[in-house]
Amino acid sequence: MSRKKVLLAAAVGVAIGYIAREQVSKQTKITPEKALNQAKEMFKRKGPISGSWIYMKPEEIEKNGLLYDVYRGGVTRNIDGDNKQYEFYVDIETGAVIETKEAI
């Protein structure tokens, strides 16, 4: 084979690899750990948190007539000497916090 053909084959291989990587990265869902970190960062904006947890198994919830695949988790905050617990739902596709509520 000539050098031209080898270089052309290498360039095509690199291009295909790049395109494949981009497609896979667009379709991957966020991990539960990343979802928890994003939710914790959101809660930290309002003050410190003292604990957190997340379920590793995705759930499906309905919000405003739409179905979402989510991770469910929670955080604990100390407010005026009282521990308050909050639950949250994070969208698996986007990583956005869909809902938060104070746990009873």
Side-chain angles (χ1 to χ4, degrees):
M1 275 178 123
S2 68
R3 278 190 195 189
K4 265 186 173 176
K5 288 183 180 180
V6 170
L7 288 176
L8 180 62
V12 169
V14 168
I16 290 172
Y18 176 77
I19 292 169
R21 184 187 65 152
E22 290 297 314
Q23 291 299 317
V24 168
S25 69
K26 287 180 184 177
Q27 294 177 358
T28 56
K29 297 171 171 60
I30 66 167
T31 63
E33 293 84 8
K34 188 172 181 181
L36 178 60
N37 287 334
Q38 288 176 316
K40 284 169 54 175
E41 288 300 318
M42 184 197 72
F43 276 98
K44 284 181 184 177
R45 292 181 198 156
K46 298 282 185 171
I49 61 173
S50 57
S52 62
W53 57 270
I54 193 159
Y55 284 120
M56 303 298 271
K57 185 176 179 183
E59 301 176 7
E60 189 176 86
I61 66 166
E62 182 180 345
K63 181 83 175 162
N64 298 326
L66 300 173
L67 290 176
Y68 294 95
D69 288 324
V70 297
Y71 292 119
R72 181 167 53 112
V75 295
T76 304
R77 298 180 60 201
N78 191 310
I79 301 173
D80 298 329
D82 291 332
N83 282 332
K84 303 246 183 202
Q85 296 184 356
Y86 297 88
E87 262 189 28
F88 60 83
Y89 296 93
V90 177
D91 184 19
I92 290 175
E93 300 290 329
T94 64
V97 176
I98 298 203
E99 180 181 0
T100 63
K101 61 183 176 182
E102 187 171 350
I104 298 174

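None of the values given here were measured: they were computed from a predicted structure. Positions are given from 1 along the sequence.
Ile98 and Leu36 end up in different hydrophobic clusters when Ile, Leu, Val, Met, Phe, Trp and Tyr side chains are linked at under 4.5 Å. Under a hydrophobic-cluster definition in which Ile, Leu, Val, Met, Phe, Trp and Tyr are linked whenever side-chain heavy atoms come within less than 4.5 Å, directly or via other members, Val90 and Leu66 are assigned to different clusters. In terms of hydrophobic clustering, with Ile, Leu, Val, Met, Phe, Trp and Tyr side chains grouped at heavy-atom distances under 4.5 Å, Leu67 and Val70 are assigned to different clusters.
Under the 4.5 Å side-chain criterion, counting only non-hydrogen atoms from C-beta, Tyr89 is in contact with Lys101. The shortest side-chain heavy-atom distance between Asn78 and Asn83 falls under the 4.5 Å cut-off.
Taking every heavy atom of both residues into account, Val75 and Trp53 meet most closely at N-NE1, 4.5 Å. Between Tyr86 and Glu102, the shortest heavy-atom distance links the atoms CD2-CA, 3.7 Å.
Looking only at distances, a side-chain donor or acceptor of Ser50 sits under 3.5 Å from a matching main-chain atom of Thr76.
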Solution key, residues 54-63 side-chain donor-acceptor pairs under 3.5 Å, sequence neighbours excluded:
unit_1	atom_1	unit_2	atom_2	d
Glu59	OE1	Arg72	NE	3.4
Glu59	OE2	Arg72	NE	3.1
Glu59	OE2	Arg72	NH2	3.4

Let me see the working for Tyr71 and Glu33 under side-chain contact (heavy atoms from CB on, under 4.5 Å), right down to the final yes or no. CA-CA 10 Å; Tyr71 292 119; Glu33 293 84 8; over 6 Å; no
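When the side-chain contact (heavy atoms from CB on, under 4.5 Å) test is applied to Lys34, the partners found at least two apart in sequence or on another chain are Ile30, Thr31, Gln38.
By the neighbour-count criterion of 12 heavy atoms within 6.0 Å, atom NZ of Lys44 is densely surrounded, having more than that number from other residues, nucleotides or ligands.
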